[in-house]
Amino acid sequence: NAAAAGIPIHCSLLLTEARDRHMLRLLVLHGPNLNLLGTREPSVYGQASLPDIDKSIVRRAGERGIAVQTKQTNVEGELVTWIQNARGHFDGIIINPAAYTHTSIAIRDAIAAVALPTVEVHLSNIHQREEFRHHSFIAGVALGQLSGFGPTGYLLALHALAAHLEAVSKASRPRTAPKNKPTASRR
Ligand code: CA2
């Protein structure tokens with residue numbers, strides 16, 4: 001149930017309503033230390049705080065008629081549990097696993113197990129930074145990766161994931177029989 005899934009009751013009601021209205025439901029997860037955004041290292045991670053970023057994601061989702069829930073934790077196991085529990089409640093996941101990107105087989109396995117399309121986001125360009133940041137355990141199980149676009153990366157991920165889900169849902173809909181063309185009646 002929703003409470004066991006770590007989803008607050010008010011939010012679970014919103015998610016149920018979103019499902020009933022055939023809205024896409026996306027889960028946005030932020031990993032360790034991202035709660036410090038805007039307070040330190042602005043030259044690397046920018047000036048925006050995590051609440052600023054979340055507000056812009058929620059605003060853009062609202063404009064597109066998408067329901068989103070955003071969550072941050074410094075705990076690896078919590079991310080694993082939230083990913084596992086996303087099944088049945090969400091259609092896709094956007095995740096910045098932060099430093100766990102480069103270390104966590106557990107998060108990779110959870111994403112593979114839950115089989116929800118997942119987009120990996122990084123504020124900085126991890127490929128331009130230290131060697132140890134070049135490898136992502138997540139990239140191999142992600143739909144795609146956005147790295148280096150700052151907070152805009154989350155909005156690009158939202159757009160890309162929604163486009164993917166809409167295309168998948170359109171492809172799986174039964175094709176309606178083409179309407180008979182009116183034929184010219186012969187006298
Ligand atoms: O660029 C990204 O988004 C990262 O995922 C951020 C992680 C880093 O370990 C990854 O290699 C790339 C670090 C997040 C730490 O965030 C801070 C924010 C403000 C001050 C200090 C750390």
Side-chain angles (χ1 to χ4, degrees), residues 6 24-64 66-87 90-165:
L24 289 180
R25 299 155 302 165
L26 303 182
L27 177 63
V28 179
L29 298 178
H30 306 286
N33 296 310
L34 289 166
N35 54 315
L36 299 178
L37 284 174
T39 63
R40 280 172 229 145
E41 299 196 52
S43 58
V44 185
Y45 298 118
Q47 307 271 354
S49 69
L50 193 59
D52 290 340
I53 292 176
D54 281 346
K55 261 183 239 155
S56 73
I57 297 169
V58 170
R59 190 181 320 120
R60 182 61 58 87
E63 287 162 8
R64 291 201 53 160
I66 296 168
V68 279
Q69 187 185 5
T70 66
K71 282 155 96 85
Q72 188 274 335
T73 180
N74 293 328
V75 181
E76 181 179 15
E78 215 153 39
L79 286 169
V80 169
T81 302
W82 291 344
I83 293 163
Q84 287 181 6
N85 292 342
R87 201 185 204 135
F90 294 95
D91 303 301
I93 299 172
I94 293 169
I95 185 168
N96 182 346
Y100 291 138
T101 306
H102 320 297
T103 62
S104 182
I105 298 171
I107 293 175
R108 177 197 174 100
D109 286 350
I111 293 170
V114 81
L116 287 172
T118 298
V119 179
E120 176 184 348
V121 174
H122 298 286
L123 296 159
S124 61
N125 183 340
I126 57 173
H127 303 286
Q128 278 179 354
R129 299 184 63 193
E130 304 94 320
E131 190 85 34
F132 66 85
R133 296 189 203 272
H134 295 183
H135 179 256
S136 163
F137 278 104
I138 311 306
V141 292
L143 183 63
Q145 183 194 68
L146 282 146
S147 178
F149 294 103
T152 305
Y154 290 98
L155 306 181
L156 297 171
L158 183 93
H159 178 73
L161 189 50
H164 169 82
L165 288 164

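As the structure lists them, so they are numbered: ligands from 1, and atoms in each ligand from 1.
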Lys71/Leu27 under side chain to side chain contact (heavy atoms under 4.5 Å, CB included): CA gap, chis, key distance, verdict: CA-CA 8 Å; Lys71 282 155 96 85; Leu27 177 63; 4.1 Å; yes

Asn33 meets the side chain to side chain donor-acceptor pair (under 3.5 Å) criterion, sequence neighbours left out, with none

Is the distance between the ring centroids of Phe137 and His135 under 6.0 Å? yes

Show me the donor-acceptor pairs, under 3.5 Å and distance only, between side chains in residues 91-98 and residues at least two apart or in other chains.
residue: Asp91; atom: OD1; partner: Arg25; partner atom: NH2; Å: 3.1
residue: Asp91; atom: OD2; partner: Arg25; partner atom: N; Å: 2.7
residue: Asp91; atom: OD2; partner: Arg25; partner atom: NE; Å: 3.4
residue: Asn96; atom: OD1; partner: Ala98; partner atom: N; Å: 2.9
residue: Asn96; atom: ND2; partner: Tyr154; partner atom: OH; Å: 3.2

Here the pair of heavy atoms bringing Pro32 nearest to Gln72 is CA-NE2, 4.1 Å

Which residue pairs pass the side chain to side chain donor-acceptor pair (under 3.5 Å) test when at least one of the two sits in residues 38-47, sequence neighbours left out? Tyr45-Arg129

For ligand 1, the residues whose heavy atoms come within less than 4.0 Å (ordered by chain, then number): Pro32, Asn33, Leu34, Leu36, Leu37, Arg40, Glu41, Tyr45, Asn96, Ala98, Ala99, His102, His122, Leu123, Ser124, Ile126, Arg133

